[in-house]
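Values reported hereafter were calculated over all heavy atoms of this structure, with side chains retained and with hydrogens, waters and symmetry mates removed.
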Amino acid sequence: LPRQVVRRAAKAHAARRHGAHVLPALLAFLSNHSELLTTLSWENEYFMFLSPTAPVKFKPVVAMLLPEPSSLTGSEAGADTIKANEVAMREAVRLLAPIERRLVTWLYADVDKYSTFLYGACEDSPWPCPPFVVVFRNVPESADASGGSYKQLLKTKDEIRAGEKRPLLKHPGEQPWTKDELSLELRGYLDMCKMKAGGEDAMALMADRADLLGSQLSQSGKDVDDEKEMEKELEEEQGTQMKYSQGDEVLDPDVMVARNLSSPTYGGQNGGSVIDDKSQFPGRMDALLTSCDNWASHVRYMRDYWNALDKTGKEDHAAIGEGLAAMETNIKACHGLTLVATAADIESYAQSGRWEAFKVKMEQFSARREVSLFNVGQLSETDMAAAERAHDAIFTIFQDTVTKASKQVIDRLAGGDTKKLKLQTIPVPVVHADSFSIERFITDYAIPGKPVVIRGLIVTPNGPWSLEHFAKVCGDVKVQLNTKSANTTNWGGLVVAGNMPLNQFAREYATNTTLRKWYLHDWSLNRFCPDVFGQPPYDEFHMPKYFAGDYFQRIPWVGYEQAWPSLFIGAANTSSALHIDSGATNFWMYLMTGRKKWRFWDREQVFNLYLKPFTSHFRFRAFDIDLERNPLLADAPMYEVLQEPGDLVFVPANSPHAVHNEEDITAISSNYVDASNLWLYLFDLTLDKDWTAIEMFNVTNEPFGLSRHQKDVTYGEWKSSRRRWEKLAENYRETEPFKTEPVPVWLD
């Protein structure tokens with residue numbers, strides 16, 4: 001539960017006992033921006049159905065499919081009928097107790113867009129597709145704890161045979177549902193789900209565990225895509241869960257939560273149940289807090305874009321400013337605790353000599369959250385629900401903002417003709433290494449976050465590394481190969497295709513039709529084929545001067561210092577979808593053979609690119625852009641370049657980019673952190689609550705900074721450069737600039 005709301009609600013309850021009226025404005029605002037049912041759309045379908053912690057994997061789903069009034073289906077059904085069915089569903093859900101409502105995921109969805117996804121039986125209907133459908137979906141792979149007796153609550157032979165409740169349908173001309181009709185259906189479905197799960201306590205326990213696990217996975221960064229792996233995680237958690245005693249009985253704390261919620265005491269104002277047990281709702285609260293944090297992270301992209309606009313730009317994009325303000329207000333009401341809002345906040349702490357204070361503040365921040373999870377105090381279910389509505393309002397406002405901002409783009413066109421929308425294309429600058437200084441690279445490209453192509457570099461002094469060279473040196477070490485899929489939300493749209501020896505893949509993929517669809521992606525040469533760098537002193541690879549200051553090579557240990565350089569091998573017409581590299585790291589790729597087409601956007605433009613909240617994925621295809629469908633792209637200038645053999649492409653931290661292989665390619669690459677993206681990287685670690693990694697990046701002790709006199713270095717020199725950087729840092733700390741910039745960009 002959002003901490004600020006928890007504290008205010010606890011105070012509110014105490015104040016109510018003395019006759020005070022607390023939080024009227026907040027509660028009034030929440031009631032005007034609340035919804036019992038979530039609208040299913042492109043922004044949240046991944047989280048609802050596909051993500052590792054998707055609610056559909058743990059809770060039953062009830063979805064009402066309705067047409068948009070402006071659609072053909074909607075015009076035939078009638079706006080009044082649409083509204084009547086919608087209101088009936090909302091009121092029917094509202095008749096359920098709050099504890100029962102949270103056991104199910106409730107959705108609205110556009111029948112024209114999601115009938116196949118959620119229903120899929122239109123061809124069996126006398127109408128092409130019923131305009132009104134209520135769909136009931138059970139948790140996938142859920143075990144039947146009732147021994148089949150739950151089927152007694154099903155009504156028809158068809159339902160009993162299938163073991164599930166069939167959809168409810170309304171055809172054109174039929175009277176809308178009433179709230180009582182739907183309430184009876186929902187009550188029967190909920191009773192059936194409880195019986196199948198083994199009782200209400202078991203169903204509540206599953207919901208609590210799912211919320212808690214979802215929060216833990218989000219914070220730890222685990223990627224659990226397999227349903228069975230998720231179930232295993234739940235079983236392991238259950239086996240190691242701390243036990244609390246209640247009289248002579250030992251109870252799991254989540255069971256205690258379920259029992260207490262099932263039998264609350266009603267002493268709160270407005271009929272709300274008073275929650276006296278401080279062990280209640282830890283999973284529910286933590287999940288809400290994590291989601292609010294994710295929204296805060298997502299909204300920063302909108303803030304960056306808004307701040308970059310001039311006065312005229314802000315007038316033309318007023319919808320973004322209004323939506324941003326409303327979302328930030330709700331985020332603040334949602335959790336109330338914000339450590340840092342931007343990367344600049346972290347830089348301010350460090351440059352003012354308050355880095356240690358920053359770390360202490362982080363520890364206190366984390367501790368307050370942990371304490372508040374188990375220190376709810378006197379809190380009513382009414383206030384708990386109000387806090388949840390504050391969170392839910394954020395998504396509604398986000399959707400409205402995207403819609404209104406898109407309309408503003410179209411309204412600026414003569415006659416609102418979307419065919420007049422134009423994509424702004426900017427060629428990526430191409431420079432030659434002989435005349436391109438490291439200072440110019442850092443100042444003009446790396447810090448402001450602009451892509452650039454560098455030509456004339458010699459990274460392999462004994463000649464280009466060919467596929468046959470990798471086959472000979474790396475041998476038969478097995479590699480994992482990927483392929484692109486339109487049906488995944490994985491990073492870059494890639495999924496695992498198979499495993500095989502590197503030398504076999506390198507020698508066969510050019511002529512094997514199956515292998516030509518496969519892609520060797522970001523394979524660590526350091527870890528799996530270190531011989532490619534030669535024997536001591538490891539001089540068969542040279543690190544370009546622009547990237548020789550990698551901080552991963554200076555800090556004690558974070559696990560990334562041996563990850564790069566890495567190898568890419570791909571056939572013509574393989575590609576990666578538009579994405580943002582994780583961790584706010586800079587990235588470069590040196591092309592040895594073939595040609596690659598790159599498309600980039602500035603990191604401040606993320607809002608205009610239809611980023612799916614909480615992911616690194618986008619709504620449109622970077623190489624098949626439809627401005628009429630995605631008009632905001634007209635406000636987002638696109639960089640484009642065709643990379644040739646011997647070219648090095650620099651991708652700035654947090655820059656959205658996509659790649660298409662025009663020819664068979666072989667390339668090496670690296671992600672890194674240096675002075676140009678240090679604060680972005682630390683901000684990302686803060687959002688992830690990765691305190692251990694932040695401790696490794698101790699800016700007051702580590703020799704951070706770059707050298708204007710940096711030269712290209714051999715791989716051996718690059719891997720053993722810490723002492724040199726320490727010496728430069730010691731000298732810098734004796735100079736006057738150190739007093740005002742203790743964490744410099746330049747050490748000389």
Side-chain angles (χ1 to χ4, degrees), residues 2-4 7 215-216 218-222 285-286 289-290 292-294 296-297 300 303 331-332 335-375 447 549-561 582-586 653-654 671-706 722 725-726 728-730 732-733 737-745 747:
R3 303 313 193 244
Q4 186 182 50
R7 292 196 301 272
S215 169
Q216 292 171 342
S218 176
Q219 293 182 38
S220 68
K222 290 183 180 179
M285 291 169 60
D286 200 44
L289 279 167
T290 299
C292 288
D293 282 345
N294 286 335
S297 174
R300 70 186 166 97
R303 172 57 63 186
I331 290 169
K332 185 176 181 180
H335 60 54
L337 295 177
T338 301
L339 183 58
V340 289
T342 67
D345 293 336
I346 299 180
E347 182 179 9
S348 176
Y349 273 104
Q351 302 294 20
S352 60
R354 296 180 295 148
W355 179 251
E356 294 302 321
F358 170 72
K359 292 195 293 183
V360 170
K361 186 175 181 179
M362 284 193 302
E363 294 171 359
Q364 294 173 343
F365 172 79
S366 181
R368 284 202 304 274
R369 289 203 153 198
E370 292 301 318
V371 169
S372 60
L373 283 176
F374 298 95
N375 192 27
I447 290 178
D550 181 13
Y551 287 178
F552 286 141
Q553 308 307 315
R554 307 188 203 178
I555 61 174
W557 182 83
V558 290
Y560 289 134
E561 64 275 12
S582 61
T585 55
N586 289 333
N654 290 338
N671 292 68
Y672 71 98
V673 173
D674 66 10
S676 66
N677 65 322
L678 173 63
W679 310 117
L680 292 173
Y681 183 75
L682 290 175
F683 182 63
D684 197 86
L685 293 180
T686 303
L687 293 176
D688 288 343
K689 305 176 185 64
D690 193 343
W691 313 133
T692 300
I694 290 176
E695 188 63 35
M696 295 297 100
F697 274 81
N698 193 326
V699 299
T700 58
N701 296 331
E702 298 305 323
F704 289 161
L706 301 172
R722 179 180 170 89
W725 291 114
E726 288 176 342
L728 285 173
E730 289 170 5
Y732 175 79
R733 288 166 184 157
F738 174 71
K739 296 179 181 178
T740 56
E741 192 180 18
V743 189
V745 174
L747 288 169

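Using cut-offs of 30° and 60° for the angle between ring planes, the F697 and F552 rings count as perpendicular.
Atom CG of N701 sits about 10.5 Å away from atom CE of M696, to the nearest 0.5 Å. N677 CG to L682 CG: the interatomic distance, rounded to the nearest 0.5 Å, is 9.5 Å. Expressed to the nearest 0.5 Å, how far CG of D550 lies from CG of D674 amounts to 7.5 Å. The line from CZ of F683 to CD1 of I694 is 11.0 Å long, rounded to the nearest 0.5 Å. T585 OG1 to N671 CG: the interatomic distance, rounded to the nearest 0.5 Å, is 4.0 Å.
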Apply side-chain contact (heavy atoms from CB on, under 4.5 Å) to residues D345 and F358 and explain how you reach the verdict. CA-CA 10 Å; D345 293 336; F358 170 72; over 6 Å; no
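Here the shortest heavy-atom pairing between A584 and N654 reads CA-OD1, 3.5 Å. Taking every heavy atom of both residues into account, Q351 and V743 meet most closely at NE2-O, 2.8 Å. Across all non-hydrogen atoms, the minimal contact from N586 to S676 is ND2-OG, 2.9 Å. The minimum heavy-atom distance linking S352 with R354 is given by the pair OG-NE, 2.8 Å. Closest approach of A350 and W679 over heavy atoms only: CB-CH2, 3.4 Å. Between G583 and D684, the shortest heavy-atom contact is CA-OD2, 3.5 Å.
In this structure, the side chain of Y551 engages the main chain of A675 through a donor-acceptor pair within 3.5 Å. Q553 places a side-chain N or O within donor-acceptor distance of the main-chain N or O of E561, the cut-off being under 3.5 Å.
Between E730 and P703, the closest side-chain pair of non-hydrogen atoms is not below 4.5 Å. The closest side-chain heavy-atom distance from Y681 to I346 is not below 4.5 Å.
Remark: E695 engages K359, N698 in a side chain to side chain contact (heavy atoms under 4.5 Å, CB included) (not counting sequence neighbours).
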